[in-house]
Amino acid sequence: MKPVDFELHRPETLTEAVDLLAAHGDDGKVLAGGQSLVPLLNFRLARPGHLIDLGRIASLSALQRTEDGLSIGAMVTHAQAGRSPAVATAAPLMAAAIPFIAHEAIRARGTIGGSIAHADPAAELPAVARALDAELVVLGPGGVRRIPAEDFFVANLVTALRPDELLARVEILPAGPATGGAFDEIGRRRGDFALVGAGAQISLADDGTIRDARLCLTGVASTPHRAAEAEAVLVGRAPTAACLKEAASVTRQTVTPTADLHATADYRRDVAGTLLERAVQKAADRAAATSTTSDEGRRAS
Ligand SMILES: Cc1cc2nc3c(=O)[nH]c(=O)nc-3n(C[C@H](O)[C@H](O)[C@H](O)COP(=O)(O)OP(=O)(O)OC[C@H]3O[C@@H](n4cnc5c(N)ncnc54)[C@H](O)[C@@H]3O)c2cc1C
């Protein structure tokens, strides 16, 4: 099928884009990489009269390591963020999750802002944003709003963004030393949205215990899920096999997925625990390797 007729706007500044959104209200829609929106247009599941393409607004493609952390413009593509050394060091969980998003061709067009604004509970980046306590910087006719990821994801594909607002950038506090990230998921085919996914960002203290744990799950709730109960099990303890099994068990007890055509609720619950355990193990191993490397660096200098 083909989309209904629409007018395409290509603003060159943020002010122009915000004015266009304000002018067209519920009949306007932002276009980023188009990897989710264009299929929705073609199936006529979305029928906006005005599309506002953000592709010409240079400031939205900036990815910077600032004094306060990491600032990722909404139009930074998955591929750009996946290649960025700043993302790898400041947000290793995000770097680990990106290769699991769809296929390379989709990651070349799909954007960080588009994924987060689309808010699919099966998608990797919304869950990562929750685990990393990202702040979402939003622009609208009333000016700038900063929305914590915790409050951004309201329901399945629904966010706290108002119809006349756009997501401008994502800000993340940088990971401390001795931090590793890992992601794992299970899907029917590589590149499909996964049935269930789990991500972990683990920071170790000097004595090898877990100083900070940030854990997320996809596909187990109507919004991206942060596994806070499992984080509480891990923090302050050594990442032993028994400790990780306890975190997995708490995860299975606390998630409440629903069944669908693809998997039963019990299957999703069980797999969530297993994937989380694997992701934590890998992230802790990477954190330990990072701290060994920097110790060796300090001794050599
Ligand atoms: C075959 C296939 C497989 C896929 N598999 C995965 C997967 O495994 N994991 C995954 O996460 N994604 C997957 N996707 C989706 C893909 O990652 C999309 O790129 C992403 O969801 C949306 O990003 P986009 O930049 O393409 O946004 P668009 O498609 O342009 O927009 C998506 C929605 O967000 C809104 N929007 C976009 N940017 C902004 C903004 N800055 N401010 C406000 N609203 C905005 C749009 O109005 C629209 O409603 C898949 C897509 C395809 C086609």
Side-chain angles (χ1 to χ4, degrees), residues 3 6 8-9 11 14 17-18 20-22 24-43 45-57 59-62 72-82 94 97-130 136-140 144-145 147 152-153 156-170 183-197 199 216 218-219 224 262:
F6 57 80
L8 179 67
H9 304 269
L14 275 172
V18 169
L20 281 163
L21 262 181
H24 298 298
D26 287 340
D27 197 29
K29 201 123 188 76
V30 163
L31 173 68
Q35 300 303 299
S36 294
L37 183 55
V38 170
L40 290 174
L41 294 174
N42 285 342
F43 283 115
L45 295 169
R47 296 162 167 255
H50 298 265
L51 272 191
I52 298 149
D53 178 1
L54 302 182
R56 291 188 173 178
I57 306 173
S59 62
L60 292 180
S61 294
I72 308 177
M75 289 298 286
V76 170
T77 63
H78 302 143
Q80 285 167 330
M94 181 179 278
I98 285 173
F100 287 91
I101 301 172
H103 306 276
E104 205 171 337
I106 291 167
R107 293 194 294 272
R109 302 284 306 182
T111 64
I112 303 293
S115 281
I116 290 177
H118 193 54
D120 191 318
E124 292 79 6
L125 292 183
V128 166
R130 273 209 69 190
L136 305 169
V137 182
V138 164
L139 297 182
V144 178
R145 280 206 301 150
I147 310 176
F152 188 78
F153 302 103
N156 186 9
L157 305 179
V158 180
T159 70
L161 273 176
R162 298 175 186 140
D164 57 1
E165 286 181 325
L166 60 84
L167 176 60
R169 61 180 187 277
V170 180
F183 204 92
D184 201 356
E185 62 183 37
I186 282 194
R188 289 171 69 85
R189 291 177 308 194
R190 176 90 187 146
D192 280 0
F193 275 104
L195 294 175
V196 180
C216 59
T218 67
H262 305 294

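Read the numbers this way: they start at 1 and go in the same order the structure lists the ligands and their atoms. Values below: every heavy atom of this structure, side chains too, minus hydrogens, waters and symmetry copies.
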A.B. asks: Considering non-hydrogen atoms of the protein only, which is the closest contact for atom 33 (C) of ligand 1, and what is the distance?
C.D. replies: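 Nearest neighbour among protein heavy atoms for atom 33 (C) of ligand 1, to 0.1 Å: His118 ND1, 3.7 Å.
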A.B. asks: Just jot down the ligand 1 atoms closer than 4.0 angstrom to any heavy atom of His78, in number order.
C.D. replies: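 Here the atoms of ligand 1 in question are 17 (O), 19 (O).
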A.B. asks: Does the side chain of Leu157 come within less than 4.5 Å of His118's, by heavy atoms?
C.D. replies: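 With C-beta onward as the side chain, the pair touches.
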A.B. asks: I'd like the name of whichever of Ile106, Asp53, Leu40 reaches closest to atom 16 (C) of ligand 1 through any heavy atom.
C.D. replies: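 Comparing heavy atoms across Ile106, Asp53, Leu40, the nearest one to atom 16 (C) of ligand 1 lies in Ile106.
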A.B. asks: Which residue owns the protein heavy atom closest to atom 9 (N) of ligand 1, what's the atom, and how far is it?
C.D. replies: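 So the nearest neighbour among protein heavy atoms is Glu124 OE1, 2.8 Å.
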A.B. asks: Among all protein heavy atoms in this structure, tell me which lies nearest to atom 36 (N) of ligand 1, with the distance rounded to 0.1 Å.
C.D. replies: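 Protein heavy atom with the smallest distance to atom 36 (N) of ligand 1: Ala117 CB, 3.7 Å.
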A.B. asks: Is it the case that ligand 1 has an N or O less than 3.5 angstrom from some N or O of Pro39?
C.D. replies: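 In this structure, Pro39 places no N or O atom under 3.5 Å from an N or O of ligand 1.
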A.B. asks: Could you tell me if the side chain of Val144 sits less than 4.5 Å from the side chain of Val138, heavy atoms only?
C.D. replies: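 Contact flag for Val138/Val144 side chains = no.
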A.B. asks: Looking at ligand 1, would Asp192 count as a contact under a 4.0 Å heavy-atom criterion?
C.D. replies: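 Asp192: in contact with ligand 1 (<4.0 Å).
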A.B. asks: Atom 28 (P) of ligand 1: which of Gly34, Gly114, Gly197 has the nearest heavy atom?
C.D. replies: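 Considering heavy atoms of Gly34, Gly114, Gly197, the nearest to atom 28 (P) of ligand 1 sits in Gly34.
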A.B. asks: Using a 4.0 Å cut-off to any heavy atom of Ala74, which atoms of ligand 1 qualify?
C.D. replies: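 Ligand 1 atoms under the 4.0 Å threshold to Ala74: 41 (N).
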A.B. asks: If you round to the nearest 0.5 Å, how far is CZ of Arg190 from CD of Glu185?
C.D. replies: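 Going from CD on Glu185 over to CZ on Arg190, the span is 7.5 Å.
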A.B. asks: Which distance, rounded to the nearest 0.5 Å, do you find between the CD1 of Ile72 and the CG of Leu60?
C.D. replies: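 Those atoms lie 13.5 Å apart.
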A.B. asks: List every atom of ligand 1 that sits less than 4.0 Å from any heavy atom of Leu166, numbering the atoms from 1 in the order shown and giving each element.
C.D. replies: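 Selected atoms, number and element: 42 (N), 43 (C).
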A.B. asks: With no hydrogens and no angle check, is any side-chain donor or acceptor of Arg107 less than 3.5 Å from a backbone partner on Pro99?
C.D. replies: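 Between the backbone of Pro99 and the side chain of Arg107 there is a qualifying donor-acceptor contact (under 3.5 Å).
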A.B. asks: If you measure from OG1 on Thr77 to CD1 on Ile101, what distance do you get to the nearest 0.5 Å?
C.D. replies: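 Between atom OG1 of Thr77 and atom CD1 of Ile101 there are 10.0 Å.
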A.B. asks: If the contact criterion is a heavy-atom separation under 4.0 Å, does Leu125 count as touching ligand 1?
C.D. replies: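 It does not; every heavy atom stays at 4.0 Å or beyond.
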A.B. asks: Which of the numbered atoms in ligand 1 are under 4.0 angstrom from any heavy atom belonging to Thr111?
C.D. replies: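 Near Thr111, the atoms of ligand 1 are 23 (O), 24 (P), 25 (O).
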A.B. asks: How long is the straight-line distance from OG of Ser61 back to CD of Gln80, given to the nearest 0.5 Å?
C.D. replies: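 With rounding to 0.5 Å, CD (Gln80) is 6.0 Å from OG (Ser61).
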A.B. asks: Indicate yes or no: at least one non-hydrogen side-chain atom of His50 is less than 4.5 angstrom from one of Lys29.
C.D. replies: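 Answer no - side chains too far apart.
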A.B. asks: For residues Leu31 and Ile52, determine if any side-chain heavy atom of one lies less than 4.5 Å from a side-chain heavy atom of the other.
C.D. replies: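 Result no, sub-4.5 Å side-chain heavy-atom pair not found.
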A.B. asks: Can you report which non-hydrogen protein atom sits closest to atom 13 (C) of ligand 1, along with the distance?
C.D. replies: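 Sorting protein heavy atoms by distance from atom 13 (C) of ligand 1 puts Phe193 CZ, 3.1 Å first.
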A.B. asks: Got Pro126 and Thr218 here, is their nearest side-chain heavy-atom distance under 4.5 Å?
C.D. replies: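 The answer is no, as the side chains (C-beta and beyond) never meet within the 4.5 Å cut-off.
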A.B. asks: Does any N or O in the side chain of Arg130 come within less than 3.5 Å of the main-chain N or O of Pro224, such that one atom is a donor and the other an acceptor?
C.D. replies: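 Looks like yes, one N/O pair under 3.5 Å.
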A.B. asks: N/O to N/O below 3.5 Å, does that happen between Ala194 and ligand 1?
C.D. replies: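 For ligand 1, there is no N or O atom that lies under 3.5 Å from one belonging to Ala194.
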A.B. asks: At less than 4.0 angstrom from any non-hydrogen atom of Gly110, what atoms of ligand 1 do you find?
C.D. replies: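 So the answer, numbered in order with elements, is 19 (O), 25 (O), 26 (O).
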A.B. asks: Considering only heavy atoms of Lys29, which atoms of ligand 1 have at least one such atom less than 4.0 Å away?
C.D. replies: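 This gives 47 (O), 49 (O) as the contact atoms.
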A.B. asks: Which bit of Leu54 is near ligand 1, meaning a heavy atom under 4.0 Å away: side chain, backbone, both or neither?
C.D. replies: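 Answer for Leu54: side chain.
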A.B. asks: Parallel, tilted or perpendicular: which describes the rings of Phe183 and Phe100, with under 30° parallel and over 60° perpendicular?
C.D. replies: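 Because their plane-to-plane angle lies in the 30° to 60° range, the rings of Phe183 and Phe100 count as tilted.
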A.B. asks: Has Arg107 got any heavy atom lying under 4.0 angstrom from an atom of ligand 1?
C.D. replies: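 Judged by the 4.0 Å heavy-atom criterion, Arg107 does not count as contacting ligand 1.
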A.B. asks: Backbone or side chain, does any N or O of Ile101 fall under 3.5 Å from an N or O of ligand 1?
C.D. replies: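 By distance alone, the answer is no.
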A.B. asks: Cation-pi check, Arg188 to Phe193: give yes when NZ or CZ is under 6.0 Å from the six-membered ring centre and within 45° of the ring axis, no otherwise.
C.D. replies: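 Cation-pi check for Arg188 and Phe193: fails.
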A.B. asks: Considering only the protein, which heavy-atom contact is closest to atom 46 (C) of ligand 1, and what is its distance?
C.D. replies: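 Its nearest protein heavy-atom neighbour is Val30 O, 3.0 Å.
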A.B. asks: Which distance, rounded to the nearest 0.5 Å, do you find between the CG of Asn156 and the CG of Asp120?
C.D. replies: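 Output value for this atom pair is 6.5 Å.
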A.B. asks: Within a distance under 4.0 Å of any heavy atom of Leu161, pick out the atoms of ligand 1 and give their elements.
C.D. replies: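 With Leu161 as reference, the close atoms of ligand 1 come out as 43 (C).
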A.B. asks: Determine, stepwise, if the pair Thr111 / His78 fulfils side chain to side chain donor-acceptor pair (under 3.5 Å).
C.D. replies: CA-CA 5 Å; Thr111 64; His78 302 143; 5.8 Å; no
A.B. asks: Among protein heavy atoms, which lies nearest atom 38 (N) of ligand 1, and at what distance?
C.D. replies: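 For atom 38 (N) of ligand 1, the nearest protein heavy atom is Ala32 CB, 3.4 Å.
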A.B. asks: Quick check: does Ala102 get an N/O under 3.5 Å from an N/O on ligand 1?
C.D. replies: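 So ligand 1 has an N or O lying under 3.5 Å from an N or O of Ala102.
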A.B. asks: Output the list of atoms in ligand 1 that are nearer than 4.0 Å to some heavy atom of Gln35, sorted by atom number.
C.D. replies: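 Contacts of ligand 1 toward Gln35, numbered from 1: 16 (C), 18 (C), 19 (O), 26 (O), 29 (O), 51 (C), 53 (C).
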A.B. asks: Under a heavy-atom criterion of less than 4.0 Å, does Gly191 contact ligand 1?
C.D. replies: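 Judged by the 4.0 Å heavy-atom criterion, Gly191 does count as contacting ligand 1.
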A.B. asks: Any idea which protein heavy atom is nearest atom 21 (O) of ligand 1, and the distance to it?
C.D. replies: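 For atom 21 (O) of ligand 1, the nearest protein heavy atom is Ser36 OG, 2.9 Å.
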A.B. asks: Look up atom CD1 in Ile186 and atom CG in Asp192, then write down how far apart they are to the nearest 0.5 Å.
C.D. replies: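 These two atoms lie 13.5 Å from each other.
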A.B. asks: Starting from atom 31 (O) of ligand 1, locate the nearest protein heavy atom and write down its residue, its atom name and how far away it is, to 0.1 Å.
C.D. replies: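 The protein heavy atom lying closest is Leu37 CB, 3.8 Å.
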A.B. asks: Counting only heavy atoms closer than 4.0 Å, does ligand 1 sit against the backbone of Ala123, its side chain, both, or neither?
C.D. replies: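 Both the backbone and the side chain of Ala123 come within reach of ligand 1.
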A.B. asks: Any N or O of Glu165 that comes nearer than 3.5 Å to an N or O of ligand 1?
C.D. replies: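 Such a contact does not occur with ligand 1.
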A.B. asks: Decide whether an N or O pair under 3.5 Å exists between Leu167 and ligand 1.
C.D. replies: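 There is such a contact, yes.
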A.B. asks: Answer yes or no: are there more than 12 heavy-atom neighbours, outside Arg145 itself, under 6.0 Å from its atom CZ?
C.D. replies: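 Enclosed: over 12 neighbouring heavy atoms sit under 6.0 Å from CZ of Arg145.
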